[in-house]
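Take a look at the structure below.
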Amino acid sequence: MPTVDDVLEQVGEFGWYQKRVFLTLCLTSAALAPIYLGIVFLGFSPPHHCRSPGVSELSQRCGWSPAEELNYTVPGLGAADEAFLRQCMQYEVDWNQSTLGCVDPLASLAVNRSHLPLVPCQHGWVYDTPGSSIVTEFNLVCANAWKVDLFQSCVNLGFFLGSLGIGYIADRFGRKLCLLATSLVMALSGVLTAVSPDYTSMLLFRLLQGMVSKGTWMSGYTLITECVGSGYRRTVAILYQVAFTVGLLGLSWLAYAIPHWRWLQLAVSLPTFFFLLYYWCVPESPRWLLSQKRDTEAIKIMNHIARKNGKSPPADLQILSLEEDDTEKRSPSFIDLFRTPNLRKHTCILMYIWFSCAVVYQGLVMHMGATSRNLYLDFFFSALVELPAALIILVTIDRAGRIYPLALSSLVAGAACLVMLFISQDQHWLNIVVACLGRMGITIVLQMICLVNAELYPTFIRNLGVMVCSALCDVGGIFTPFMVFRLMEIWQALPLVLFGVLGLTAGGVTLLLPETKGVALPETIQDAENLQRKAKPKENTIYLQVQASELKGT
C-alpha cells in the first residue's frame, strides 16, 4: 500500500501546486512579525518632560525658543545621568506668578536651581515626537513604564497559553480549520487592539491575539510541510521561517510610513482577514485526513495535486495509506523526558537553550529599539541579517553537523553582546554591526534548535519533547521585557551583560549534547540513551510536526 510520500515522489514532491500553496501560506508567517516584535514601534518611548501649567503662556510672553523653554523650566537638562529628573520630575513652582522674569526666571526664587524642591509630574507629559505610540497616548512613562513591559509580556503569555490548546485543535479538527479559525480571531483581536479605548482593554485584546497568532503560524507550517515530499521538508521549513524575516523588513518601512500606532496596528491587522480566502485555495493535509480515516478526501486531494503538477496519479492511489510506526502506540508521558540520565541531561540543556534564545533574541531587538538613533533603519538592517542566517543553515547543516554550528552561533551571539559593552555610544554604526552579528548568531540557534530537539528524543515522545522544551521559549519571552527595560534604568548596557552570559553559557552546554548528523533517529528510550556512542548510518528522515510552542524567532 503506497504512503503519501510514495505518491508524492511520483506526482511531484515540490511541484507547481505545492509552490503556490507554500507562497500563499508564507503570508501567515510574515503576519506574525508585527505581533511578535511590533512593540519596538507600538511602544516607542520618545523624549519627554513634565507638562507644567503656565509654562507655555510664559514662553509665549517672553518669546522663548523651544530650547530656551526647556533650559529654563526642566530640571536635569543636559546631564546624561539625570534622565529621570528631566523626564519624571518638575520644579514645584507656580509658573503663573507675575514675579517671574523672562531671563532665567527661576533665579528670583533660588540662587542655585538644585535647591528648588522637585515633585513628580502632576499634569501629564509633553512628548517630542510627530507621531504617537501607546506610551504617548496612555502616558506609560516614569511610574507607569512597567506597563509597556506588561504589554509585550502578554503577547508571549498568549503564545504559552495558546500552545496548550491550539495543537490539540489542529490534531482533532484539522490543520485547515485551525488555520481559518485562528486567523479570524487574530484579525479581529488585532483590530480591537487598534480601537481600544483604554490600556486594560488593549492589554486583553493583545493577550487574545497572542493566544491565536502562534496557532495560525503553526497551522500554516504544518500544512505546507505535510503537503511536500520528505526531500523538501527541511528546506520548506527553513524558508517558511524566512518569511517571518520578510515580515520584519516590511514592518520597518510600514512603521516609517505610518508613525501613529493605532493606524499602524490597523495596517498590519486588516490584511489578515484575507487569510479566510484560504478556505478555497489551500487544501487540508492529506496526512491528517488519512489519520482520521477520511481516505476518500485524501485521495481526492492527491489527485488534485497530481493534476495541477501536470502528472498522472499512480495506479495504486486508491489504496493510499498512512505509514504507521508501532513505536508510536506507546503512550507518551512527561516523566519519560527525565526517565534516564542522558534524557534528563538533554531535556534540561534543551530547556535552557530555548529559554536563553528567547531572551537574547527578543532582548537584542528591544535594546536596539530603546537605544537606536534611527529606529527604522536600525531595525531594518538588524532584521536583514536573518536572511544569510537561513542560508548558512541550509549550507552547513549536512556538512558540519548540528552541535558545533549551534554552539558556535550561540557563543558568537553572547560574545557580541559583551563586546558592545566596550564600544562607545559615539560609534553608533560599529554598535549596530556588532549587534547584527549577535542577531545573526541567535537566529541560527533559534532555527536549528527545533531540528536538534526532535533528533534527541525517541519516536513516541518526540513531539512531546519538542512541545515541553520549546515552551521555555515563551516563558523566556514573558520575562524578557522586564529584564531589558528595568535593567536599563540601572545602567543602559546592563541587559547586554545578561544576554552575553546567557549566550555564552548556552553555547557551552550545547557542546554537552551528542552530534546527531548521520545517526539514526532513536526509536526507544534505550536508543536515545545510547546516542553518545558511535554513530550508525541514518535510517530515518526526520520530520518535525511543529507544536504550538515552537516559533522562529519566538
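The figures that follow rest on heavy atoms only: side chains count, while hydrogens, waters and symmetry mates do not.
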Evaluate side-chain contact (heavy atoms from CB on, under 4.5 Å) for Leu446 paired with Gln241, printing each intermediate quantity in order.
CA-CA 10 Å; Leu446 275 171; Gln241 297 184 72; over 6 Å; no

Check against side-chain contact (heavy atoms from CB on, under 4.5 Å), Met351 and Val468:
CA-CA 8 Å; Met351 284 181 168; Val468 171; 3.5 Å; yes

List the steps and the verdict of ring pair (Phe, Tyr, Trp, His ring centres under 6.0 Å) for Trp253 and Phe380.
CA-CA 8 Å; Trp253 293 108; Phe380 177 83; 5.4 Å; yes

Might you work through the side-chain contact (heavy atoms from CB on, under 4.5 Å) test for Trp261 and Glu137, ending with a clear yes or no?
CA-CA 9 Å; Trp261 81 271; Glu137 182 160 337; 2.9 Å; yes

Determine, step by step, whether Phe41 and Phe379 satisfy the ring pair (Phe, Tyr, Trp, His ring centres under 6.0 Å) criterion, reporting the C-alpha distance in whole Å, the side-chain angles of both residues, the deciding distance to 0.1 Å, and the verdict.
CA-CA 10 Å; Phe41 303 106; Phe379 186 90; 4.9 Å; yes

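Formation of a donor-acceptor pair under 3.5 Å by the Asp474 side chain with backbone atoms of Ser470 is not found in this model. When atom types are taken as modelled, the side chain of Ser163 and the backbone of Phe160 share a donor-acceptor pair closer than 3.5 angstrom. Of the possible donor and acceptor atoms, none in the side chain of Gln87 sits under 3.5 Å from a partner among the backbone N and O of Pro47. Although no hydrogens or angles enter the test, the distance criterion places a donor-acceptor pair under 3.5 Å between the side chain of Arg262 and the main chain of Ala194. Distance alone, capped at 3.5 Å, places no donor-acceptor pair between the Trp354 side chain and the Ala471 backbone. Side-chain atoms of Thr347 come within 3.5 Å of backbone N or O of Leu337 as a donor-acceptor pair. Of the possible polar contacts, one joining the Arg402 side chain to the Ile397 backbone as a donor-acceptor pair under 3.5 Å is found. Under a 3.5 Å cut-off, the side chain of Ser252 and the backbone N or O of Leu249 do form a donor-acceptor pair.
Residues forming a side chain to side chain donor-acceptor pair (under 3.5 Å) with Ser133 (at least two apart in sequence, or on another chain): none. By the ring-ring contact (aromatic ring centres under 6.0 Å, His included) test, Phe499 is found to be paired with no residue, residues two or more places apart in sequence or in another chain being considered. Partners of Pro130 by side-chain contact (heavy atoms from CB on, under 4.5 Å), not counting sequence neighbours: none found. With sequence neighbours excluded, the residues satisfying salt bridge (Lys or Arg N to Asp or Glu O under 4.0 Å) with Asp149 are Arg486. Under the disulfide bond (SG atoms under 2.5 Å apart) criterion, Cys348 pairs with no residue, sequence neighbours left out. For Tyr376, the side chain to side chain donor-acceptor pair (under 3.5 Å) test picks out no residue, with sequence neighbours left out. Under the rule for a side-chain contact (heavy atoms from CB on, under 4.5 Å), the partners of Leu203 that lie at least two apart in sequence or sit in another chain are Leu150, Phe151, Cys154, Tyr199. For Ser196, the side chain to side chain donor-acceptor pair (under 3.5 Å) criterion is met by no residue, not counting sequence neighbours. Partners of Cys436 by disulfide bond (SG atoms under 2.5 Å apart), not counting sequence neighbours: none found. Residues satisfying the ring-ring contact (aromatic ring centres under 6.0 Å, His included) criterion with Tyr127, sequence neighbours excluded, are His48.
One finds the SG atom of Cys357 at 11.5 Å from the CD1 atom of Ile444 (value rounded to the nearest 0.5 Å). Rounding to the nearest 0.5 Å gives a distance of 6.5 Å between CD1 of Ile134 and CG of Leu42. Here the CG-CG distance, from Leu472 to Leu350, works out to 10.0 Å after rounding to the nearest 0.5 Å. Atom CG of Leu513 is separated from atom NE2 of His346 by 6.0 Å, given to the nearest 0.5 angstrom. Note that CD1 of Ile258 is 9.5 Å distant from CH2 of Trp263, once rounded to the nearest 0.5 Å. For the atom pair CE (Met218) and CG (Leu32), the distance works out to 12.0 Å, reported to the nearest 0.5 Å.
The shortest distance between side-chain heavy atoms of Lys345 and Asn342 falls below 4.5 Å. Inter-residue side-chain proximity for Tyr91 and Val55 is flagged as unmet; no heavy-atom pair is nearer than 4.5 Å. Looking at Pro495 and Met488, their side chains come closer than 4.5 Å, going by heavy atoms from C-beta outward. For the pair Leu394/Arg234, no side-chain contact is recorded, criterion being any heavy-atom separation below 4.5 Å from C-beta on. Using a 4.5 Å heavy-atom cutoff, the side chains of Val119 and Gln90 are in contact. Using a 4.5 Å cut-off on side-chain heavy atoms (C-beta onward), Pro75 and Arg86 make no contact. Residues Val148 and Val135 have side chains in contact (heavy-atom distance under 4.5 Å, counting atoms from C-beta outward). The shortest side-chain heavy-atom distance between Ile353 and Ile349 falls under the 4.5 Å cut-off.
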Donor-acceptor contacts, no H, no angles, side chain residues 501-511, under 3.5 Å, sequence neighbours left out:
from   : atom 1 : to     : atom 2 : distance (Å)
Thr505 : OG1    : Tyr352 : OH     : 2.4
Thr505 : OG1    : Val501 : O      : 2.7
Thr505 : OG1    : Leu502 : O      : 3.0
Thr510 : OG1    : Ala506 : O      : 2.6

Quick one: side chains of residues 416-429, donor-acceptor pairs under 3.5 Å with protein atoms, not counting sequence neighbours, listed by atom name and distance.
from   : atom 1 : to     : atom 2 : distance (Å)
Ser424 : OG     : Asp426 : N      : 3.1
His428 : NE2    : Asp378 : OD2    : 3.1

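The shortest heavy-atom contact between Pro34 and Ala30 is CD-O, 3.5 Å. Minimum interatomic distance between Val212 and Thr182 (heavy atoms only, all atoms of both residues): O-CB, 3.5 Å. Residue Val40 comes nearest to Gly369 through the heavy atom pair CG1-CA, 4.1 Å, listed as atom of the first residue, atom of the second, then distance. The two residues Ala145 and Glu489 come nearest to each other via the heavy atoms CB-OE2, 4.4 Å. Minimum heavy-atom separation, Gln492 to His367: O-NE2, 3.0 Å. Nearest heavy atoms, Ser213 versus Phe159: OG-CE2, 3.3 Å.
In this model, no donor atom of one side chain and acceptor atom of the other lie less than 3.5 Å apart for Thr73 and Glu69. Arg206 and Gln209 are linked by a side-chain donor-acceptor pair at a separation below 3.5 angstrom, with hydrogens and angles left out of the test.
Other residues, nucleotides and ligands contribute over 12 non-hydrogen atoms within 6.0 Å of the CZ atom of Phe338.
Of the candidates Trp217, Tyr240, Tyr221, Trp217 is the only one forming a side chain to side chain donor-acceptor pair (under 3.5 Å) with Ser29.
Here the two cysteines Cys88 and Cys142 have their SG atoms closer than 2.5 angstrom.
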